[in-house]
Protein chains: 2
Amino acid sequence: MSTTYKKPGVTVDCVVFGLDEEDLKIILIERGLEPFKGRWALPGGFVHIDESLEAAAMRELREETGVENVFLEQLYTFGDVDRDPRERVISVAYYALVNLSGHKIKAATDARSAAWFSVDDIPKLAFDHNRIFDVALKRLRGKVRYEPIGFELLPEKFTLGQLQRMYEKILEQDIDKRNFRKKILGMELLKELDEVQMDVAHRAARLYKFDERKYRQLKEKGFNFEI
Amino acid sequence: MSTTYKKPGVTVDCVVFGLDEEDLKIILIERGLEPFKGRWALPGGFVHIDESLEAAAMRELREETGVENVFLEQLYTFGDVDRDPRERVISVAYYALVNLSGHKIKAATDARSAAWFSVDDIPKLAFDHNRIFDVALKRLRGKVRYEPIGFELLPEKFTLGQLQRMYEKILEQDIDKRNFRKKILGMELLKELDEVQMDVAHRAARLYKFDERKYRQLKEKGFNFEI
DNA sequence: TCAAAAGTGTTGAGCGTACACCCATGC
DNA sequence: GCATGGGTGTACGCTCAACACTTTTGA
């Protein structure tokens, strides 16, 4: 049955988002081979016959960027007939959220170079990767409002100021400080720590942790996170 | 490069939702071949080498159920290594919304039989199709709240009562009639027609149409649909 | 002492929610 | 005339949005 059909190739591609003090960024890889040799591209590659799609995405991420143990979620599957000039290739795209201060710009393990690019300044990419990136950014902007995934972009311990700036950068809008703090603290999803920031040239802010366990409890009871 | 890897098979599977006076339903197909011969399954099949994923989903829908020209959206891609007992197969799942009164229960064009099943009464399906169905139902329940996709389940001209019952069936909760009407009419997305229901054993209700054009205009201005 | 960010409450407006009765039609 | 769904308004509580000054710390 299936052997009577020519099979398409299957790849995974990853849009890895990171946040620093300036910008929301993604990781790009410089291609060392044709097609699109020298062009920037999303990290990714072919799915092995004995690994799941998510395992393939994690493997490519580790091999090409050194990124490991991060939030990873399937984005969309791109299957236009001519998206790869060589042959028919279907790409299952994933997006990842990493804490950029924890994952400093790492070189790829092979010869290709990896770098962080601001989402406002993405060059022309290989294949249909610009489109994949657009879908990923749109998904992040939509999802960050009603699921507490934004915490994945911050260090484990963070200040309310960092949290607010994270939302301001992703959503590209200013947020009122007092209203934001009232709302986020009112959800009771943050554990207030007995620690404050160190080495800052102004009043040190209190540190908080996201309470994953409590979120799951509330969610089961019908609570909906919303910014 | 890619030729050094064994390729997985790629299929599409479709969860086709329809609504009638009783229930939210999906179409299932009785399998005529091994594996899972005689078991019910989602309509679907292998993606041809020269057709896009969406085209494959539309073709399978037409061939197996006679359904055409309906709302169709990609759901998720299922790629566990052992989801097909024969060989490695990756399935790109889609979900469709059809107006059940317009698409009466059609037999499949080939020997296999197709039938509507209430979502509350889905049998044990072939492959991982129960899981695909679960994801589809969850997606529909989530998405119907903040995108006006529910109209796809109704005839072009519908009453406010039909619209409300559609939401009540999908969301499995009662809605206050006066508040619902106030809210939905307040959005100004419905065109009130100069027509009323025919042949009903009670006061005939006014008919409305969803104003697709107006929705797109409002959406561009930042309007968010929400039930 | 200056710069830079942290921290903190109140008010008004708009929105969501709860709630009960009369109307029109076919049988 | 009865059964069935269609159609309608108000009042209350809560949430959201707007808004400015004092505190702490390091340089």
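Atoms considered below: every heavy atom in the structure, side chains included; atoms not considered: hydrogens, waters and symmetry mates. Values in this document were obtained by computation on a predicted structure and should not be read as measured data. Every chain is numbered from 1 and lettered A, B, ... according to where its sequence line falls, protein lines coming before strand lines.
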Terminal contacting nucleotides, 5' and 3', DNA chain D versus chain A (heavy atom, 4.0 Å):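 Contacts span dC16(D) to dG26(D), reading 5' to 3'.
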When I132(A) is tested against each of D134(A), V135(A), D128(A) for side chain to side chain contact (heavy atoms under 4.5 Å, CB included), which residue passes?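 Option passing the side chain to side chain contact (heavy atoms under 4.5 Å, CB included) with I132(A): D128(A).
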Interatomic spacing from [atom1] in [X] to [atom2] in [Y] - rounded to 0.5 Å:
| X | Y | atom1 | atom2 | value |
| --- | --- | --- | --- | --- |
| W116(B) | L24(B) | CH2 | CG | 9.0 Å |
| R131(A) | L125(A) | CZ | CG | 14.0 Å |
| E73(A) | C14(A) | CD | SG | 12.5 Å |
| K214(B) | K191(B) | NZ | NZ | 10.0 Å |

Name each donor-acceptor pair under 3.5 Å that joins a side chain in residues 194-201 of chain B to protein atoms two or more places apart or in another chain, with its distance.
unit_1  : atom_1 : unit_2  : atom_2 : d
E195(B) : OE1    : K157(B) : NZ     : 3.4
E195(B) : OE2    : K157(B) : NZ     : 2.8
Q197(B) : OE1    : A205(B) : N      : 3.1

Please find the pair of heavy atoms, one from E147(A) and one from Y215(A), that lie closest to each other, and give the distance.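 Scanning both residues completely, I find the closest heavy atoms to be OE1-OH, 3.5 Å.
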Indicate the atoms forming the closest heavy-atom contact of P155(A) with Q162(A), along with that distance.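 Looks like CG-NE2, 4.4 Å.
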Can you pull out the residues from residues 175-205 of chain A that lie within a 4.0 Å heavy-atom distance of DNA chain D?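 D176(A), R178(A), N179(A), K182(A), K183(A), V200(A), A201(A), H202(A), R203(A), in order of number.
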Between R216(B) and E212(B), does any NZ, NE, NH1 or NH2 come within less than 4.0 Å of an OD or OE carboxylate oxygen?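 Salt bridge between E212(B) and R216(B), a charged N being under 4.0 Å from a carboxylate O: yes.
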For the residue pair Y76(B) and F78(B), is the inter-centroid distance of their aromatic rings smaller than 6.0 Å?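 Here the rings of F78(B) and Y76(B) have centres that are less than 6.0 Å from each other.
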Contacts of type ring-ring contact (aromatic ring centres under 6.0 Å, His included), residue F133(B), not counting sequence neighbours: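 So F133(B) forms no ring-ring contact (aromatic ring centres under 6.0 Å, His included) with any residue.
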For Y95(B) and F17(B), take the angle between the two ring planes, folded into 0 to 90°, and tell me which bin it lands in: parallel under 30, tilted 30 to 60, perpendicular over 60.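 Geometry flag for F17(B) against Y95(B): perpendicular rings.
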Span of DNA chain C, from the first to the last nucleotide whose atoms fall under 4.0 Å of chain A heavy atoms: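 Nucleotide range in contact with chain A: dA4(C) to dT10(C).
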For residues 145-160 of chain B, which residues have at least one heavy atom under 4.0 Å from DNA chain C?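 Those residues whose heavy atoms fall under 4.0 Å from DNA chain C, taken from residues 145-160 of chain B, amount to none.
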